[in-house]
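Residues: numbered from 1 along the sequence shown.
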Amino acid sequence: MTGFVVRLGDRNPAVATLKACLNRAASPTPPLDDQPVFDATTQVAVTQFQQSRGLTADGEAGPATFARLGEELNYAPVAAAPAAAMRLQ
């Protein structure tokens, strides 16, 4: 699957969406902040989410990770969040 990926060091609105979704779907400890910065804490939460869901655990949030979050939260726009964020930049 190809497409938009957010990773360590990225700063954009898709990261804030990712963090909010991870807080709801995975309840990381500590909860992720609402800043649009993909930091080391976010990377750990993404990796743990991916591992626990049988996804490729690379610590980067791409189409498969966003799609899985959208499925779990029953919220289709999550999968569209990366594309929307790119339009905002």
Practice task
Considering only NZ, NE, NH1 and NH2 on the basic side and carboxylate oxygens on the acidic side, decide whether Lys19 and Asp34 come within less than 4.0 Å.
Solution key: no
Practice task
Not counting sequence neighbours, which residues clear side chain to side chain contact (heavy atoms under 4.5 Å, CB included) with Arg7? List them please.
Solution key: Val5, Asp10, Glu60
Problem - Flag for Gln50-Thr65: side-chain donor and acceptor within less than 3.5 Å - result: yes
Practice task
Identify whether the distance between the nearest side-chain nitrogen and carboxylate oxygen of Glu72 and Arg53 falls below 4.0 Å.
Solution key: yes
Fill in the blank from the handout: Applying side chain to side chain contact (heavy atoms under 4.5 Å, CB included) to Pro36 and not counting sequence neighbours gives Ala16
Exercise for the section: Side-chain contact test, heavy atoms from C-beta onward, threshold under 4.5 Å: evaluate it for Phe38 versus Gln43 and give yes or no. Expected result: yes
Problem - Pairwise distance CZ(Phe49) to SG(Cys21) - rounded to 0.5 angstrom - result: 9.0 Å
Handout entry: Nearest non-hydrogen partners of Leu55 and Ala64, listed with the distance
Key = CD1-O, 4.2 Å
Practice task
State which residue, out of Val46, Val44, Leu22, fulfils the side-chain contact (heavy atoms from CB on, under 4.5 Å) condition with Leu32.
Solution key: Leu22
Exercise for the section: Search all heavy atoms of Ala61 against all heavy atoms of Leu18 and return the closest pair with its distance. Expected result: CB-CD2, 3.7 Å
Fill in the blank from the handout: Nearest heavy-atom contact between Pro63 and Phe4 is CD-O, 3.3 Å
